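Just so we're on the same page: letters track the sequence lines, and every chain starts at 1. The shown structure was predicted, so the numbers you read here are calculated from the model rather than taken from an experiment.
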Amino acid sequence: MEEQKQKLKILETLRHSASHLLAAAVLEMWPETKLGIGPAIENGFYYDFDFKEPITEADLPKIEEKMAEIKKRNLTITCREVLINEAKEIFKDQPFKLELINDLEKDEGIKKVSLYKLGSFEDLCRGPHLENSNLIGPFKLLSLAGAYWKGNEKNKMLTRIYGTSFSSQKELDSYLNFLKEAELRNHRKIGKDLDLFSINENVGPGLILWHPKLSATREVIEEYWRKEHRKRGYQYIYSPHIGLDNLWKTSGHLDFFEEGMYPPMLMESKDKKEKTRYFIKPMNCPFHILIYKNRPRSYRELPIRYCELGTVYRYEESGVLNGMLRVRGFTQDDAHLIVREDQFVEEVNKVLDFALELNKAFGFDKLKVYLSLRDPENKDKYVGSEENWQLAEKTLKEILEKRKVEYREDVGGAKFYGPAIDLKAVDSLGREWQGTTIQLDFNEPQKFEMTYIGKDGKEHAPIMLHRTLLGSMERFVATLIEQYAGAFPVWLAPVQVKVIPISEKNLEYGKKITEKMIEENIRVELDDRDERMQAKIRDAEHEKVPYMLIVGAKEERGNAVSVRMRGEKDLGPQAFSDFFKQISEDIDKKRQV
RNA sequence: GCCUAAGUAGCUCAGUCGGUAGAGCAUUCCCUUGGUAAGGGAAAGGUCUCGGGUUCGAUUCCCGACUUAGGCUCCA
């Protein structure tokens with residue numbers, strides 16, 4: 001463990017020096033460029049520039065060449081400390097650096113700053129760095145992007161150059177390979193190739209059309225999801241897609257979230273002067289709360305667990321939309337748990353157990369846990385009392401610690417209405433995907449005046465938890481596509497079996513076994529095209545169908561099928577009943593095949 | 001929303017230094033009846049994203065819009 005940390009530190013230093021090398025190269029090529037910042041990041045490094053003339057991707061190789069040339073000069077990287085005023089003089093032509101120096105002086109009361117020098121390029125920098133340019137490992141510039149100065153959208157947009165560097169060529173190559181592999185698994189590409197979904201300009205950006213294939217998979221997920229919820233005492237409900245403005249005023253959405261909502265539908269009304277306003281729901285909670293509030297509730301009824309596959313619409317900024325991962329209309333696998341104080345810890349633990357089990361069924365054995373806390377610097381951004389926040393954050397922390405799970409605190413990651421536990425699924429390439437979130441809500445129970453009658457006959461305020469396990473059907477299915485590279489395990493595969501008759505003469509037999517499987521709820525297709533068997537196999541492989549059944553005269557005689565599994569060779573003939581037993585087990589046990 | 005790119009047949013992509021476009025696969029039809037990743041042939045398929053401008057003429061040049069992508073910011 002210590003050794004690994006040490007290794008990471010070295011890599012970080014190496015990348016940081018690589019970012020300085022990048023800046024040095026850029027300055028030699030375009031001396032008038034203004035510099036932003038250039039840190040090492042998780043998978044590499046970047047440097048932000050304000051170019052006089054914009055550059056393009058085509059310039060990256062040229063910059064790389066220049067970097068290589070500077071690296072070979074065997075330059076010693078030196079460090080010195082100077083007084084603030086001296087630094088201001090040195091960077092008088094670098095407005096962003098100057099701003100940084102001023103910030104350091106003002107906010108942190110710093111009197112001296114350190115400078116690192118690589119050849120003729122000297123940069124304001126905390127360090128540390130390698131000793132010599134020659135020690136910088138093999139590097140590669142990856143992409144060009146816009147980035148706001150200091151990450152603030154009110155500031156100027158700078159040009160960011162992303163790159164990466166490793167200690168050895170081998171490691172760099174394997175990382176570049178990883179990027180290539182990730183690109184192959186891109187759900188948008190696979191979605192098109194396998195006819196899974198589309199987004200149509202005439203419908204609108206961020207709105208998904210689910211094609212039959214992906215809908216079949218979604219249906220399986222939803223059935224499984226409902227079954228597991230029933231088992232755990234959840235009640236399934238349905239709620240409308242729109243609601244009056246009053247509802248959203250009460251919930252606080254019109255105050256806190258209006259720019260995230262689609263504009264209202266205005267209805268004329270004869271009796272009223274004002275138009276009636278309906279909003280499309282950005283969340284399901286108000287509806288769940290009103291079901292709860294439909295009559296008085298006893299402490300005996302709690303916990304109440306309402307769940308719904310609720311489709312919501314949020315007007316996300318156009319720039320954040322991303323295939324099925326970030327959309328404007330999506331179906332949350334939502335639930336609201338209304339619990340007594342004494343039930344809170346147990347219920348959170350139950351949700352965590354549930355989340356783990358569900359994720360496992362989809363091949364996500366590894367999850368990363370994040371505890372989203374309030375930003376203590378900005379307390380007025382949140383609703384709810386100080387005591388409530390402190391208690392809630394402490395309780396969530398204790399739950400995680402008692403479970404002995406490793407978790408990371410995400411300070412400032414809490415919603416305005418409460419802290420949360422978030423789980424990120426780690427996929428087969430090691431990438432993390434946000435899915436499960438368990439959020440406490442201090443806001444709505446109060447705004448909607450939710451109560452229950454306690455043992456003492458008096459009214460009490462319940463605690464409400466929002467939670468999704470999968471996140472949204474859209475994002476989750478996109479994650480699955482990337483996780484499996486489109487080759488879904490049998491239980492999730494849109495088409496589980498492709499029946500391939502060798503010639504027209506075997507078509508009848510093929511039809512017969514196809515119908516038999518349809519009766520047993522197996523998703524099967526008969527390839528009755530006038531094509532050669534080889535071509536049909538090839539197409540079925542491209543469609544990533546897990547089982548191909550080749551049937552010819554030989555099979556027909558023995559009431560058999562020749563089985564071929566996705567990505568493998570002919571497994572030989574077997575009795576149809578044996579195959580049926582096999583696939584039924586795959587499905588029942590949710591085997592990862 | 002902002003920065004930088006891209007948009008040609010259902011898909012993957014050529015192409016036109018300004019004279020309205022082509023391949024492979026897919027589709028339809030015909031021939032072929034085959035044993036584990038492409039049998040052969042023919043036909044059909046395009047407002048070259050959309051709207052302006054320049055021009056005798058724009059898919060190509062210029063301007064704008066839309067969509068998509070990589071980021072920033074934000075998030076299920």
Side-chain angles (χ1 to χ4, degrees), chain A residues 46 48 50-51 54-58 142-162 183 186 188-189 192-193 195 198-206 257 259-260 282-284 310 312 314-334 413 415 420 422 433-437 439 466-476 478-479 500-507 529-542 548-555 562-573:
Chain A
Y46 68 78
D48 286 343
D50 186 14
F51 286 99
I55 64 162
T56 69
E57 302 251 345
L142 297 171
S143 61
L144 214 57
Y148 296 108
W149 168 238
K150 290 183 176 171
N152 188 328
E153 61 182 321
K154 288 189 184 94
N155 287 344
K156 189 171 173 132
M157 176 78 57
L158 306 178
T159 304
R160 177 170 296 179
I161 298 179
Y162 280 98
E183 191 45 42
N186 188 310
R188 286 179 242 103
K189 184 183 172 328
K192 205 181 223 176
D193 288 350
D195 192 13
S198 59
I199 298 168
N200 190 299
E201 277 186 42
N202 293 313
V203 178
F257 201 67
E259 74 285 6
M283 284 186 184
N284 303 301
V312 298
R314 298 183 190 169
Y315 197 77
E316 302 284 355
E317 289 185 330
S318 59
V320 307
L321 300 178
N322 176 352
M324 276 186 123
L325 282 171
R326 242 345 242 294
V327 293
R328 285 188 175 155
F330 55 100
T331 301
Q332 293 181 301
D333 68 313
D334 209 357
K415 303 284 169 299
D422 297 319
W433 306 87
Q434 164 90 53
T436 303
T437 173
Q439 305 171 352
H466 308 254
R467 58 108 267 216
T468 65
L469 298 179
L470 308 177
S472 77
M473 297 313 289
E474 285 73 10
R475 175 182 288 183
F476 186 70
T479 306
I500 300 178
I502 289 178
S503 89
E504 213 169 55
K505 292 178 202 135
N506 316 113
L507 203 57
R529 293 175 305 164
D530 179 15
E531 277 295 347
R532 297 186 62 197
M533 172 202 60
Q534 284 89 335
K536 294 181 185 180
I537 288 174
R538 179 179 171 276
D539 290 342
E541 284 283 355
H542 279 183
M548 284 155 268
L549 299 186
I550 287 77
V551 292
K554 213 163 58 185
E555 288 78 10
S562 278
V563 181
R564 184 186 162 112
M565 273 182 86
R566 176 176 57 199
E568 290 179 36
K569 296 279 175 221
D570 181 15
L571 299 181

For [X], which contact category applies under a 4.0 Å heavy-atom criterion: base, sugar-phosphate, or nothing?
| X | value |
| --- | --- |
| A:E541 | base |
| A:A553 | base |
| A:R160 | sugar-phosphate |
| A:S562 | base |
| A:G319 | base |
| A:G146 | base |
| A:K415 | sugar-phosphate |
| A:E474 | nothing |
| A:F476 | nothing |
| A:E504 | base |
| A:E183 | nothing |
| A:E317 | base |
| A:K536 | nothing |
| A:V327 | base |

Study note, to complete from the structure: By nearest-heavy-atom nucleotide on RNA chain B, the more 5' of A:I502 and A:Q534 is A:I502

**Study point:** First of A:R328 and A:L470 reached from the 5' end of RNA chain B, by closest nucleotide
**Key:** A:R328

Exercise for review: Compare every heavy atom of A:A420 with every heavy atom of A:T437, then report the nearest pair and how far apart it is.
Suggested key: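 Minimum heavy-atom separation between A:T437 and A:A420: OG1-CB, 4.3 Å.
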
Exercise for review: Mind listing the closest non-hydrogen atom pair of A:R328 and A:E317 along with its distance?
Suggested key: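 Looks like NH2-C, 3.9 Å.
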
Do any side-chain nitrogens or oxygens of [X] fall under 4.0 Å of OP1 or OP2 in [N]?
| X | N | answer |
| --- | --- | --- |
| A:T437 | B:A76 | no |
| A:R538 | B:A26 | no |
| A:K569 | B:A37 | yes |
| A:R188 | B:A69 | yes |
| A:K192 | B:U12 | yes |

With distance as the sole criterion, do the side chain of [X] and the base of [N] form a donor-acceptor contact below 3.5 Å?
| X | N | value |
| --- | --- | --- |
| A:Y148 | B:G1 | yes |
| A:D530 | B:U32 | yes |
| A:R564 | B:A37 | yes |

**Study point:** N-O pairing of A:E183 and A:K189 below 4.0 Å
**Key:** no

Point to revise | Salt bridge present between A:R160 and A:D48 (N-O < 4.0 angstrom) | key: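 Counted as a salt bridge, because a side-chain N and a carboxylate O are separated by less than 4.0 Å.
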
For [N] and [M], measure between their [atom1] atoms and round to the nearest Å.
| N | M | atom1 | answer |
| --- | --- | --- | --- |
| B:A9 | B:G45 | P | 15 Å |
| B:U54 | B:G18 | C1' | 12 Å |
| B:G70 | B:G34 | P | 49 Å |
| B:U49 | B:G15 | P | 15 Å |
| B:C63 | B:C3 | P | 15 Å |
| B:A37 | B:G10 | P | 32 Å |
| B:A44 | B:A26 | C1' | 13 Å |
| B:U73 | B:U27 | C1' | 45 Å |

**Study point:** Separation of B:C72 P from A:R326 CZ (nearest whole Å)
**Key:**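 Answer to the nearest Å: 12 Å.
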
Check your understanding: Just how far, in rounded Å, is P of B:A26 from CG of A:D193?
Key ->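 After rounding, the reported distance stands at 14 Å.
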
Practice item. Please examine the side chains of A:I55 and A:I161, heavy atoms only from C-beta on, and report whether any two atoms are closer than 4.5 Å. Key: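 Yes. Closest side-chain heavy atoms under 4.5 Å.
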
Check your understanding: Does A:E316 reach the side chain of A:L321, with side-chain heavy atoms less than 4.5 Å apart?
Key ->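 Yes - at least one pair of side-chain heavy atoms lies under 4.5 Å apart.
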
Check your understanding: If you measure from the ring centre of A:Y162 to the centre of the six-membered ring in the base of B:G71, is it under 5.5 Å, with the planes under 30° apart?
Key -> no

Check your understanding: Going by atom types only, do A:T468 and A:Q332 share a side-chain donor-acceptor pair under 3.5 Å?
Key -> no

Under a 3.5 Å cut-off for both distances, is [N] Watson-Crick or wobble paired, and to whom?
| N | value |
| --- | --- |
| B:A43 | B:U27 |
| B:U4 | B:A69 |
| B:A37 | none |
| B:C61 | B:G53 |
| B:C13 | B:G22 |

Point to revise | A:Y315 OH: over 12 foreign heavy atoms closer than 6.0 Å | key: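 No, OH of A:Y315 has 12 or fewer neighbouring heavy atoms, counting only those of other groups under 6.0 Å.
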
Review point. Any donor-acceptor pair under 3.5 Å linking the side chain of A:K536 with the backbone of A:I550?
Key: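 Such a contact is absent between A:K536 side chain and A:I550 backbone.
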
Review point. Of the candidate nucleotides B:A76, B:U68, B:C66, which contains the atom at the shortest distance from the side chain of A:S472?
Key: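 Ranking B:A76, B:U68, B:C66 by closest atom to the A:S472 side chain puts B:A76 first.
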
Exercise for review: Looking only at side-chain atoms of A:E201, point me to the closest of B:G1, B:U67, B:G39.
Suggested key: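 Taking heavy atoms from C-beta onward, the closest nucleotide is B:U67.
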
